[in-house]
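Counting starts at 1 for both ligands and their atoms, following the listed order.
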Amino acid sequence: MNREDMKRAAALAALDYIKPGMIVGVGTGSTANYFIDGLVGLKDRIAGAVASSAASAERLEQHGITVLELNEVGLLPIYADGADEADASLRLIKGGGGSLTREKIVAAASRKFICIVDETKQVEALGAVPLPVEVIPMARRYVSDALTALGGRPAVRKGFVTDNGNLILDVSNLPIIDPAQMEAELDHIPGVVCNGLFARRPADMVLVGTSSGVQTLT
Ligand code: 5RP
């Protein structure tokens, strides 16, 4: 099994948790795309989907799946999305695709957050990948300096603007000893919209595509 097969297997395993009539929260990225493609087979049995990005909304619509606004729906029963890293406590780093803010909102508004990853995303400690931080453009320098003071090395993601019209700083080298504490600390820097640590609201379940099948972590 190659990596794409493992991503697909995890994504398709998440379909088993969808019940008739549900409105399904849908994430962003290549693994989430496999989930969207699999959702087509259930499209006549679900009430619609809420997307965490414009790209996923477009893919859902192309597949003929009804896309609803989170404001119309309120709470969602289920949300499936990928991640860049997942630890054994189901805490995540997300935002490789730059959709972290909307992803965090949809995760917060969902009763069950199923994270779908291939085995390369499993880590003992979060932070090997740069941590994405969404920043209001006029605060770029201020936030960069604040992140540097915390020990990080921020780099502006070149040529990228989020669905919310903001910038992404990808921060390497940040000492993430306590992910929930760091998540809160970063969110308190003026100009930060959101950061890619999902520790205060971790996943409820991680489905890991491995070379020997899909493992379920709860
Ligand atoms: C997008 C994300 C993605 O879920 C994350 O980057 C994983 O992407 P992929 O499934 O393509 O590896 O957080 O903002």
Side-chain angles (χ1 to χ4, degrees), residues 1-15 24-39 49-60 70 76 78-87 90-110 113-123 126-135 155-172 176 179 183 186 192-210 214 217:
M1 252 197 187
N2 66 31
R3 199 169 159 198
E4 292 306 307
D5 292 334
M6 293 191 279
K7 286 184 192 182
R8 190 184 299 104
L12 298 183
L15 297 173
V24 181
V26 175
T28 303
S30 56
T31 315
N33 282 345
Y34 289 126
F35 178 77
I36 294 172
D37 296 349
L39 206 52
V50 169
S52 69
S53 65
S56 290
E58 192 181 334
R59 193 177 185 96
L60 286 159
L70 184 62
L76 293 165
I78 198 160
Y79 173 50
D81 196 3
D84 303 301
E85 285 185 350
D87 74 8
L90 316 189
R91 299 174 298 191
L92 313 169
I93 285 183
K94 290 183 45 55
S99 304
L100 58 155
T101 301
R102 294 185 185 205
E103 291 170 342
K104 202 175 276 196
I105 294 166
V106 179
S110 298
F113 174 15
I114 303 179
C115 182
I116 44 182
V117 292
D118 67 87
E119 63 187 5
T120 66
K121 307 286 186 65
Q122 284 189 291
V123 295
L126 298 174
V129 298
L131 179 70
V133 178
E134 181 164 351
V135 176
V156 177
R157 195 176 293 184
K158 292 217 168 56
F160 187 85
V161 177
T162 71
D163 285 346
N164 312 309
N166 297 314
L167 303 174
I168 297 286
L169 295 176
D170 289 305
V171 190
S172 48
I176 304 174
E183 181 179 0
L186 297 178
V192 169
V193 177
C194 184
N195 71 84
L197 280 166
F198 283 57
R200 299 173 81 82
R201 198 281 183 249
D204 299 302
M205 174 184 287
V206 179
L207 298 176
V208 187
T210 76
V214 177
L217 309 180

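- No donor-acceptor pair closer than 3.5 Å links the side chain of Arg59 to the backbone N or O of Ile36.
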Give me the pairs of N or O atoms, one from ligand 1 and one from the protein, that sit under 3.5 Å apart.
residue  : atom   : partner : partner atom : Å
ligand 1 : 4 (O)  : Thr28   : O            : 3.0
ligand 1 : 4 (O)  : Asp81   : OD1          : 3.4
ligand 1 : 4 (O)  : Gly82   : O            : 3.3
ligand 1 : 4 (O)  : Lys94   : NZ           : 3.1
ligand 1 : 6 (O)  : Asp84   : OD1          : 2.6
ligand 1 : 6 (O)  : Asp84   : OD2          : 3.2
ligand 1 : 6 (O)  : Gly96   : N            : 3.3
ligand 1 : 10 (O) : Ser30   : OG           : 3.4
ligand 1 : 10 (O) : Thr31   : N            : 3.0
ligand 1 : 10 (O) : Thr31   : OG1          : 2.6
ligand 1 : 11 (O) : Ser30   : N            : 2.8
ligand 1 : 11 (O) : Ser30   : OG           : 2.5
ligand 1 : 12 (O) : Lys121  : NZ           : 2.8
ligand 1 : 13 (O) : Lys94   : NZ           : 2.9
ligand 1 : 13 (O) : Gly95   : N            : 2.8
ligand 1 : 13 (O) : Glu103  : OE1          : 3.1
ligand 1 : 14 (O) : Gly97   : N            : 3.2
ligand 1 : 14 (O) : Gly98   : N            : 3.4
ligand 1 : 14 (O) : Ser99   : N            : 3.2
ligand 1 : 14 (O) : Glu103  : OE1          : 3.2
ligand 1 : 14 (O) : Glu103  : OE2          : 3.1

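- Among Thr28, Thr162, Asn164, the single residue meeting the side chain to side chain donor-acceptor pair (under 3.5 Å) criterion with Arg102 is Asn164.
- Formation of a donor-acceptor pair under 3.5 Å by the Asp81 side chain with backbone atoms of Ala32 is not found in this model.
- Counting all heavy atoms, side chain and backbone alike, Ala83 lies closest to Cys115 at CB-SG, 3.6 Å.
- A donor-acceptor pair under 3.5 Å is formed between the side chain of Asp163 and the backbone N or O of Ala54.
- Across Arg91, Lys94, Glu183, a single residue satisfies side chain to side chain contact (heavy atoms under 4.5 Å, CB included) together with Leu197, and that is Glu183.
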